[in-house]
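Remarks on the structure that follows.
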Amino acid sequence: MWVFSMRFCCTLAKVAGRCQSRQLAGGAGHRRFTASSVQPTPSFGLLFDIDGVIVRGKNPIPGAAKAFKKLVGRDGRMTVPVVFVTNAGNCVRQTRAMELTKVLGVEVLPEQVILSHSPLRMFQQFHDKCVLMSGQGPVDEIARDQGFQNVVTINDLRMAYPLLDMVDHNRRPKNPPPVIQNFPAIEAVILLGEPVRWETSLQLILDILLSNGRPTAWLPQVPYPHIPVLACNMDLQWMAEAKNPRFGHGTFLVCLETLYHKLTGRELRYEALIGKPSMVTYSFAEHLILEQARKRGWDAPIRTLYAIGDNPMADIYGANLYNHFLTSNRGKSEDGLPHSCRSILVCTGVYGNQGEVPTDTRESVTQTVFHGHRDFRLDPTLVEASHIVKDVEHAVNLVLREEGWVSESEGLESASE
């Protein structure tokens with residue numbers, strides 16, 4: 001596992017991205033091609049983001065279902081290993097898999113879905129500890145699914161210590177019950193995703209960190225280092241139905257980090273940062289890709305991963321970071337592991353062109369303020385996509401062309417401009 005704690009010290013300037021895909025994915029006129037009659041054994045795997053690539057909110061993105069039909073064989077199963085990697089985390093894998101199956105018209109299995117919190121199952125050293133979990137959705141069910149046995153939710157903590165949550169006057173207890181004396185000490189904090197009541201979660205999480213897990217025992221000195229904090233999903237923004245991106249869990253983390261520093265003069269430390277662009281998540285995705293190939297009996301080594309996403313600061317940064325790891329370790333790792341991870345940026349989500357592939361590839365990233373997490377170092381090359389395409393259908397067309405799985409002479413029409 002890899003955890004990064006590198007300080008960003010620069011701002012993001014305009015970055016030149018490599019765009020090889022206008023010509024390869026439908027940019028050079030309308031071409032017709034179809035899969036070869038006999039599919040070879042796949043030597044590549046696909047990592048798909050969901051929000052901004054396949055759906056926006058609950059609305060499917062046009063062309064998504066059509067794209068996945070090109071990846072399905074006559075038996076109705078995928079012809080290549082596919083994993084869906086999302087920074088969403090307000091449900092369990094089974095729920096997301098059912099939603100994708102309905103949207104795409106293709107069976108998606110739970111083991112093909114990586115949510116922001118999925119890699120937590122690798123952190124077994126915390127599974128038997130008393131952990132405070134922040135987020136929304138079925139938090140208890142999510143915790144059990146990841147292997148945690150002793151979970152306290154924000155609402156559990158609020159009910160046990162009724163005098164802690166004071167911002168909303170309407171929720172202040174008129175006749176507060178006594179504090180539960182034998183309530184267990186919190187040993188770690190796990191941040192699954194953005195909560196509903198930010199003021200409550202911020203207050204109670206800080207109470208736990210400043211009291212070493214016992215919010216009724218205020219300490220004369222701030223305990224530091226504080227108890228472990230693990231955070232899932234660092235996205236500052238994400239794409240829903242609204243025209244502009246919405247606040248993500250990364251925004252909540254900025255608030256928590258800022259308040260902790262303001263109160264203590266020290267920096268909030270993370271035991272682990274999980275979710276894209278973390279190496280932990282991409283390593284876990286690689287593991288699932290290789291496991292799929294093994295179960296399907298595909299004996300050709302998986303040499304290339306293609307990561308398709310809409311967010312330069314999460315999808316592209318993470319894929320390129322993992323590509324740096326793979327290429328720097330080429331020849332050192334055991335045989336059968338991928339050699340590269342290529343990033344494909346679509347224009348249907350956070351990336352601002354909203355369907356227009358830029359003619360000047362230097363327009364691929366235009367932000368002048370870095371939107372990544374505090375603990376990831378700034379490297380402009382990490383937000384340069386290997387390819388920029390219009391949408392997920394063009395992305396699939398590109399991959400099939402790159403891998404030699406299509407010909408230009410038969411039947412199926414490629415994605416139209």
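Counting begins at 1 with the first residue of the sequence.
- Judged purely by atom type and a 3.5 angstrom limit, N311 has no side-chain atom pairing as donor or acceptor with the backbone of Y351.
- Here I50 contributes atom CD1 and D310 contributes atom CG; the two are 11.5 Å apart, rounded to the nearest 0.5 Å.
- In summary, of the residues considered (K276, R96, K58), a salt bridge (Lys or Arg N to Asp or Glu O under 4.0 Å) with D51 occurs for R96 alone.
- Taking the six-membered ring wherever Trp is involved, the centroid distance between the rings of F68 and F48 falls below 6.0 Å.
- No hydrogens or angles considered: nothing links the side chains of T153 and R158 as a donor-acceptor pair under 3.5 Å.
- Taking the six-membered ring for Trp and thresholds of 30 and 60 degrees, H226 and Y260 have ring planes more than 60 degrees apart, a perpendicular arrangement.
- In terms of heavy atoms, L46 sits closest to I289 at O-CD1, 3.8 Å.
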(request) Could you check T200 against D165 for side chain to side chain donor-acceptor pair (under 3.5 Å), going step by step and ending with a plain yes or no? (result) CA-CA 6 Å; T200 298; D165 185 18; 3.1 Å; yes
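- You'll find the side chain of I308 reaches within 4.5 Å of the side chain of V346, heavy atoms only.
- Closest approach of P119 to V280, counting heavy atoms only: CB-CG1, 3.7 Å.
- Considering all non-hydrogen atoms of both residues, V85 and A285 come closest at CG2-CB, 4.2 Å.
- Under 3.5 Å, the side chains of S343 and N320 contain a donor-acceptor pair of N or O atoms.
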(request) Would you check, one step at a time, whether the test side chain to side chain contact (heavy atoms under 4.5 Å, CB included) holds for I61 with N59? (result) CA-CA 6 Å; I61 289 176; N59 300 323; over 6 Å; no
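- The line from CG of D49 to CD1 of I54 is 7.5 Å long, rounded to the nearest 0.5 Å.
- Using bins of under 30°, 30° to 60° and over 60° for the plane-to-plane angle, the ring pair H249/F252 lands in the parallel bin.
- For N397 and K70, the side-chain atoms include at least one donor-acceptor pair closer than 3.5 Å.
- Formation of a donor-acceptor pair under 3.5 Å by the H117 side chain with backbone atoms of G89 is found in this model.
- For R342 and Y306, the positive end is not near the middle of the six-membered ring at less than 6.0 Å and at most 45° from its axis.
- Between H373 and Y270, the gap from one ring centroid to the other is short of 6.0 Å.
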